[in-house]
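Structure first, then comments.
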Amino acid sequence: MSRLVVVSNRTADPRKAAAGGLAVAVKESLQQTGGLWFGWSGKIHDESEHDAGYQDLRAQTVGNVTLATIDLSQRDYDTYYLGYSNDVLWPVFHYRLDLANFDVDFAAGYRRVNRLFAQKLMPLLKPDDLIWVHDYHLIPLAAELRAMGCRNRIGFFLHVPMPPLEIMAAVPEHEWLMRSLFAYDLVGFQSETDVTHFTHYVQSEAQAEQLSHDRLRAFNRTLRIGAYPIGIDVDEVVNLAQAKEGRDTFERMREEYSRRRLLLGVDRLDYSKGLPQRIHAFRELLAQYPENRSSATLIQIASPSREAVGAYDDLRRQMDSLCGAINGDYGELDWMPVRYIHRNVARKRLPGLYRASRVALVTPLRDGMNLVAKEFVAAQDPADPGMLVLSRFAGAAEQLKEALMVNPYDAHGTAQAIQRALSMPLEERIQRHEALMSRIRKHDVHWWSSSFLHALKHVEQDQGLDHNAKSGQSERDTRA
Ligand code: GDG
């Protein structure tokens with residue numbers, strides 16, 4: 001059996017409780033075959049880049065998995081990570097051109113670190129390794145590896161949305177980025193909408209030929225594409241909801257809110273998640289349906305994220321002010337409409353909190369998938385389930401049709417849906433929950449990684465690798 005090599009911006013220790021979907025999925029697939037997980041250590045080398053050894057690879061073996069990491073210099077961190085990844089690609093891929101900061105130094109840093117990753121990874125590879133690269137930080141990695149002679153099967157999964165052509169084309173390096181994807185053998189997206197956007201882009205901009213529903217030919221290469229919606233580890237969430245910490249949290253919340261109806265939001269504090277719009281919608285609920293005053297409470301957990309990027313600071317201030325205003329305007333001596341928690345909550349406590357909530361508000365303005373929506377459904381009591389209010393702009397909306405779907409920009413319509421969720425009869429809640437749960441179970445995280453890896457193993461490898469490697473190289477040299 002081929003060894004699996006996973007490459008992502010950051011790695012995680014397989015012995016520790018996983019922090020989220022990617023870590024769970026990667027850990028499990030790596031442990032099955034044994035493998036290598038390569039990425040940035042999370043450490044910044046603050047000395048001069050010319051100091052010997054700062055880019056040395058550190059390897060640590062845990063069971064049958066090797067974690068191999070490198071540090072980044074301050075300049076690489078500023079340009080590749082904060083700059084191009086999180087100040088260009090993240091906003092653009094979430095349709096926020098207004099927040100993108102197109103700086104040529106960022107693009108150069110992004111190329112430099114992708115090349116560095118390839119240089120450090122290349123000597124570790126064996127000929128029949130299967131390589132799986134994750135997310136927007138590493139789009140050009142396969143092209144860099146091919147330029148160094150790598151002929152392995154390489155797959156790529158994009159966790160964030162693929163924007164439409166008109167948005168993608170605003171990135172100065174869009175052609176290079178999209179061409180780089182053709183150095184992979186398989187590119188996976190979260191949703192059919194993402195696949196459609198990518199197909200439309202390469203057909204219009206690169207005269208790609210669609211050979212079949214999942215094969216595209218352009219830049220002298222054939223690429224397999226597909227939608228592989230990421231799932232969750234359902235049993236893990238169900239078990240955590242029933243374990244001690246889960247039950248304690250559930251009971252404490254039910255007691256604390258015995259006279260109230262609890263609504264819940266759990267997100268990283270990120271502008272893609274639609275948090276200010278959610279507070280507006282909740283305010284609208286209190287205005288339109290006064291029976292919720294003194295009765296409905298929204299707990300909004302917003303875990304700190306990317307605080308070194310300016311747009312996140314603005315969002316933090318905006319949330320502080322919106323939550324302060326709604327509590328000031330509507331709060332009573334014994335009731336506050338919003339409990340806003342700008343801290344991380346322990347993973348073991350989340351399922352109990354999900355289960356104690358009547359309604360979850362998962363209303364991103366744009367999201368690749370959104371795992372919180374699936375976790376909330378999995379944690380519910382099937383005999384008395386809470387209801388999911390879901391943005392039509394989350395990737396999860398393609399699968400979770402029985403949620404109450406909303407347009408998060410429409411505060412009035414969202415408030416109506418929240419009211420409907422709060423007053424939904426038990427029978428309807430049970431029916432919707434059953435349908436949602438069966439879909440979440442069928443397409444869980446194990447299905448996700450095994451179906452992607454199965455497709456990658458069986459993809460017919462294109463023979464045009466050398467040509468692609470050369471064209472990738474010359475393009476890079478002229479632009480670097
Ligand atoms: C990207 C894409 C895609 C949240 N707050 C806390 C906490 N969380 C956990 C949740 C969930 C995870 O973090 C968040 O996952 P999402 O899918 O909602 O969002 P992103 O982080 O933006 O992830 C996204 C995902 O990649 C996977 O492909 O779905 O679209 O943007 O698991 O439970 N966990 C803990 N404390 C918190 O306060 N412990």
Side-chain angles (χ1 to χ4, degrees), residues 6 8-10 12 16-26 85-86 89-96 132-137 156-163 188-191 193-194 227-234 236-237 240-241 245-246 249 264-275 278 299-306 312 315 339-355 357 360-379 388 390-391 393-400 440 443-445 448-449 452:
V6 171
S8 55
N9 175 54
R10 294 289 304 273
K16 298 200 178 134
L22 171 63
V24 175
V26 163
S85 296
N86 288 326
L89 295 181
W90 179 271
V92 170
F93 281 34
H94 289 87
Y95 300 36
R96 292 298 301 270
W132 190 4
V133 179
H134 289 266
D135 228 358
Y136 60 99
H137 313 84
F156 178 81
F157 186 78
L158 187 68
H159 290 259
V160 295
M162 173 71 210
F189 298 93
Q190 299 270 28
S191 70
T193 306
D194 300 322
Y228 298 86
I230 192 168
I232 58 165
D233 186 336
V234 179
E236 188 212 12
V237 176
L240 282 178
E245 272 130 317
T249 310
L264 179 67
V266 176
D267 308 77
R268 280 186 306 99
L269 185 59
D270 192 290
Y271 49 78
S272 65
K273 304 292 182 185
L275 295 170
R278 192 177 303 168
I299 295 187
Q300 177 62 57
I301 294 163
S303 49
S305 182
R306 303 177 196 161
Y312 290 74
L315 176 64
R339 286 205 168 177
Y340 171 55
I341 300 166
H342 181 232
R343 278 194 314 278
N344 212 52
V345 170
R347 180 160 182 80
K348 287 184 175 163
R349 299 220 164 261
L350 282 180
L353 187 55
Y354 290 140
R355 199 176 174 102
S357 307
L361 302 184
V362 180
T363 55
L365 303 180
R366 198 61 64 178
D367 219 328
M369 175 54 58
N370 197 298
L371 297 175
V372 172
K374 295 183 174 182
E375 292 166 358
F376 174 78
V377 172
L388 174 64
L390 180 63
S391 163
F393 303 124
E398 271 187 17
Q399 295 177 294
L400 307 185
I440 288 172
H443 291 138
D444 68 358
V445 72
W448 173 70
S449 55
F452 184 92

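Counting starts at 1 for both ligands and their atoms, following the listed order.
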side-chain contact (heavy atoms from CB on, under 4.5 Å) assessment of Y136 paired with N9: CA-CA 9 Å; Y136 60 99; N9 175 54; over 6 Å; no

Shortest reach to atom 16 (P) of ligand 1 by a heavy atom, considering only D367, D270, L371, D135: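 That would be L371.
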
Closest candidate by heavy atom, reference atom 19 (O) of ligand 1, pool R347, K374, K273: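 Heavy atom nearest to atom 19 (O) of ligand 1 belongs to K273.
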
Geometry only, no angles: is [X] polar-contacting ligand 1 at N/O separations under 3.5 Å?
X	value
L350	no
F157	no
H159	yes
V345	yes
M369	yes
N344	yes

Proximity to ligand 1 by part of N370, non-hydrogen separation under 4.0 Å: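 Both the backbone and the side chain of N370 come within reach of ligand 1.
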
Residue portion contacting ligand 1 (non-hydrogen atoms closer than 4.0 Å) for F93: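 Neither part.
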
Contact check, W90 vs ligand 1, heavy-atom distance below 4.0 Å: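 Flag set, W90 near ligand 1.
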
Y354 near ligand 1 by a heavy-atom separation under 4.0 Å: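 Distance cut 4.0 Å: Y354 passes for ligand 1.
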
With rounding to the nearest 0.5 angstrom, report the [atom1] to [atom2] distance, [X] to [Y].
X	Y	atom1	atom2	value
N370	E375	CG	CD	8.5 Å
S357	L388	OG	CG	11.5 Å
T363	L275	OG1	CG	7.0 Å
D270	S303	CG	OG	9.5 Å

Residue [X] vicinity, atoms of ligand 1 by number, heavy atom under 4.0 Å:
X	value
V372	10 (C), 18 (O)
G368	30 (O)
V266	4 (C), 5 (N)
Q190	3 (C), 28 (O)
I301	38 (O)
R268	20 (P), 21 (O), 22 (O)
E375	10 (C), 11 (C), 32 (O), 33 (O)

Looking at [Y], is its backbone amide N or carbonyl O close enough to the side chain of [X] to form a donor-acceptor pair, meaning the two atoms are under 3.5 Å apart?
X	Y	result
W448	Y228	yes
Q399	I440	no
D135	H137	no

Parallel, tilted or perpendicular: ring planes of F157 versus H159, cut at 30 and 60 degrees: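 Perpendicular, since the angle between the ring planes exceeds 60°.
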
Minimal non-hydrogen separation, T249 against R349, with atom names: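 Shortest heavy-atom contact: OG1-NH1, 2.7 Å.
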
Shortest non-hydrogen separation from A378 to I232 and the atoms involved: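 Closest heavy-atom pair between A378 and I232: CB-CD1, 3.8 Å.
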
Identified side-chain contact (heavy atoms from CB on, under 4.5 Å) counterpart of I299 within the set V345, V266, I341: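 The residue from V345, V266, I341 that satisfies side-chain contact (heavy atoms from CB on, under 4.5 Å) with I299 turns out to be I341.
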
